[in-house]
Structures are given as C-alpha cells and as structure tokens.
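Just below is one structure, and these are the notes that go with it.
Count residues from 1 along the sequence.
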Amino acid sequence: MGFGAQVDPCEKCEELLQPYLDRELSDAERAEAELHLDGCSYCRKRYRFEEELRRYVRQAAVEEMTPDLKQKLSELRTSLF
C-alpha cells in the first residue's frame with residue numbers, strides 16, 4: 001500500500017494526510033509520506049494548510065467569543081421557517 005507506480009503518489013499522499021496529521025500511521029507509512037512531502041511542493045503546501053487549519057480550530061475551540069462576535073454571528077443566522 002505504498003507510493004508504488006500503480007498509484008498516483010499525490011493521490012496516495014492525500015489518502016494518508018489526515019492519518020499522518022493524527023499520527024495514526026505506522027513508522028513505515030509515516031516515512032513514506034515524509035519522503036513524498038519532502039519532494040512534492042504541492043503536497044507540502046496542502047500539509048501546511050491542513051496543519052494551520054487544525055491549529056486555528058484548536059485555538060478557536062478554547063477561546064471565548066467576544067459579545068460583539070457572538071452578536072455578528074447571530075445576525076448571520078437565517079431562519080429555517
């Protein structure tokens with residue numbers, strides 16, 4: 001299940017991206033993903049984007065919203081009825 005000739009390496013990297021970020025890969029899979037990321041600027045940019053997005057979500061989940069932001073978000077809601 002590696003980055004062999006039959007599988008597009010970027011497609012395989014896409015498959016492994018979330019497990020890679022979650023640190024759920026075996027040592028061999030992680031090494032394989034890192035090797036691809038080291039040589040593919042497109043996948044490296046995707047990895048960095050996902051990493052930054054996760055960092056932002058973690059930060060946003062623990063920070064209390066200001067009353068002003070809560071009001072703005074409330075104004076954006078639309079009624080389903």
Common cluster, Tyr42/Leu35, ILVMFWY with side-chain heavy-atom separation under 4.5 Å:
no
Sub-4.5 Å side-chain heavy-atom contact between Cys13 and Cys40:
no
Where do Cys10 and His36 land on the side-chain contact (heavy atoms from CB on, under 4.5 Å) test, with the steps shown first?
CA-CA 8 Å; Cys10 293; His36 180 75; 3.7 Å; yes
Between Lys12 and Glu32, is the salt bridge (charged side-chain N to carboxylate O under 4.0 Å, His left out) condition met? List the steps.
CA-CA 10 Å; Lys12 181 63 178 174; Glu32 205 168 11; over 6 Å; no
In plain terms, say whether Lys72 and Glu75 are close enough for a salt bridge, that is, a side-chain N and a carboxylate O under 4.0 Å apart.
no
Between Arg48 and Glu51 (salt bridge meaning N to carboxylate O under 4.0 Å), is one present in this structure?
no
What heavy-atom pair brings Tyr47 and Leu37 nearest, and what distance separates the two atoms?
CB-CD2, 4.1 Å
Arg54 versus Gln18, side-chain donor and acceptor atoms under 3.5 Å
yes
Min side-chain heavy-atom separation Glu14-Cys43 under 4.5 Å
no
Pairwise side-chain contact, Arg30 with Glu24, heavy-atom cut-off 4.5 Å (strictly under)
no
If we ignore angles and hydrogens, is there a donor and acceptor under 3.5 Å between the side chains of Glu29 and Tyr20?
no
Separation of Asp38 CG from Arg44 CZ (nearest 0.5 Å):
5.5 Å
With a cut-off of 6.0 Å (strictly less than), are more than 12 heavy atoms of other residues, nucleotides or ligands near CZ of Arg55?
yes
